[in-house]
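In what follows, chains are A, B, ... by sequence order, proteins preceding strands, each numbered from 1. Computed from a predicted model, the values in this text were never measured in an experiment.
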Amino acid sequence: MIYLELFCTFLVIGLFTFGGGYSMVALIQDAVVQRHGWMSAQEFTDMLALSQMTPGPIGINTATYAGYTAVAATGAGEAASVAGALVASVAVVLLPVALLLAVCRWMERHRENPRLATALRLLRLTVVGLVAAAALSLLTAESFGLPGWNRQFVYSVAIFAAVFVAAWRYRVSPALLIVLAGAAGWIVYG
Amino acid sequence: MKIGTFTIGGGYAMIPLMRREVVERRGWLDEESFLDVLSLSQAMPGVFAVNMATQVGYRLRGVWGSVAAIAGNVLMPIVFILLIAMFFQRFRTYPAVEHIFMGLRPAVVALIAAPVVGMARTAGVTWRNAWLPVTAAAAIWLLDVNPVWVVLATLAAGLCMKPRCNTGKP
């Protein structure tokens, strides 16, 4: 039952995402591409590009798209796939929201608790590794072309380097970078 | 609702927009409670922006306030993505679209890699504690460990540790 599988998968993803959108992308990538094979790594990257350009939290966007694609991949129709998208989107916010409502008050009092503070600080460190792993897993021939002195690989590395520096050093907005990279691809390969 | 529609690029882009709307324009929260909401949203699991919406809604109108705020927050983005998902399958075989995506893919990987540097600084990664994120990344990437276990293990270790063993600042 694909819906149940989607629901459980995204329920877990929601609960274990600490530290913002990119760590959720890391978890979704692991579950959707590596574990369940609902999309290829290439499809996942394409989807991320689209999520970056559209409004809304990237975690939700990714869940919605993954839910749609997972059901569509089974050969189901449009309506069934939309249902899959909704299942995934609801599942991914359900537990965190329930938890948040339940422990709002409790957390306020215990935020100063040294053990909890330690755990949360350690977690922030781990999440850095989580996101790094997601980036590493996407360094594939599907995204970059086969390594070597061929046109696609050289262009890909150049685009990667340019975007990395622009995003990290100059804090250019991701949406703008995506548009520029798309234009670059259109020009150099067109 | 408006906030959900106009935030491009995820979580942290939303903070200033939300602050202007919630604190300055509508006066739903004062500056201090907004900061409380912010820090709790970061500490709790889940999508950052949704956590923010949940708490703002809750403080205003209780549980139903939260539900309304979340719905407003995610509705438009979901509709957008659904439309894209539906039409993209049809367009992706066009040569021009394929070329655009050949340019986009390395850019996306770079966009995921770039915040790692900034996050490392905010999280307080130093040479002494860098083994933790490095081990986490290696376990997930090379050994195919499920990230969920990595998160759980970190939480458990943090809760069991004696607080005075903390590395880094208080």
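A/Leu138 and A/Leu146 are members of different hydrophobic clusters when ILVMFWY side chains are connected at heavy-atom separations under 4.5 Å. At a threshold of 4.5 Å between side-chain heavy atoms, the hydrophobic network of Ile, Leu, Val, Met, Phe, Trp and Tyr places B/Met102 and A/Met39 in two separate groups.
Using a 4.5 Å cut-off between heavy atoms, A/Val82 touches chain B through backbone and side chain atoms alike. Residue A/Tyr65 touches chain B through both its backbone and its side chain, counting heavy-atom pairs closer than 4.5 Å. Using a 4.5 Å cut-off between heavy atoms, A/Ala184 does not touch chain B at all. For B/Val79, no part lies near chain A; criterion is any non-hydrogen pair under 4.5 Å. Using a 4.5 Å cut-off between heavy atoms, A/Asp30 touches chain B through its side chain atoms alone. Residue A/Leu180: no heavy atom, backbone or side chain, is found under 4.5 Å from chain B.
Here the side chain of A/Asn150 pairs a donor or acceptor atom with the backbone of A/Phe153 at under 3.5 angstrom. Looking only at distances, a side-chain donor or acceptor of A/Arg151 sits under 3.5 Å from a matching main-chain atom of A/Val188.
The greatest number of non-hydrogen atom pairs below 4.5 Å with chain B, out of A/Leu136, A/Leu15, A/Leu27, A/Thr45, is found for A/Leu136. Ranked by heavy-atom pairs shorter than 4.5 Å toward chain A, the options B/Ile140, B/Val134, B/Leu142 are led by B/Ile140. Taking A/Ala85, A/Ala167, A/Ser137 one by one and counting their heavy-atom pairs under 4.5 Å with chain B, the maximum is reached by A/Ser137. Of all the listed residues (A/Gln34, A/Arg169, A/Gln152), the one sharing the greatest number of non-hydrogen pairs under 4.5 Å with chain B is A/Gln152. The candidate from B/Thr54, B/Leu155, B/Leu111 with the greatest count of non-hydrogen atom pairs under 4.5 Å with chain A is B/Leu111. By number of non-hydrogen pairs under 4.5 angstrom with chain A, the leading residue of B/Val150, B/Val125, B/Leu152, B/Leu104 is B/Leu104. Heavy-atom pairs under 4.5 Å with chain A peak, among B/Ala137, B/Ala110, B/Pro106, at B/Pro106. Among the candidates A/Asp46, A/Val97, A/Thr64, the residue making the largest number of heavy-atom pairs closer than 4.5 Å to chain B is A/Asp46.
Across A/Arg35 and B/Pro147, no two heavy atoms sit closer than the pair NH2-CD, 4.5 Å.
Ring geometry for A/Tyr155 against A/Tyr189 counts as perpendicular: the plane angle is over 60°, on a 0 to 90° scale with 30° as the lower cut.
In this structure, A/Met24 and A/Thr62 have side chains that are not in contact, with every pair of non-hydrogen atoms separated by 4.5 Å or more.
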Handout entry: Audit row: A/Met47, A/Tyr68, side-chain contact (heavy atoms from CB on, under 4.5 Å) steps and yes/no
Key = CA-CA 11 Å; A/Met47 178 207 71; A/Tyr68 181 90; over 6 Å; no

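The only option from A/Thr126, A/Val128, A/Val131 that meets the side-chain contact (heavy atoms from CB on, under 4.5 Å) definition with B/Pro133 turns out to be A/Val128.
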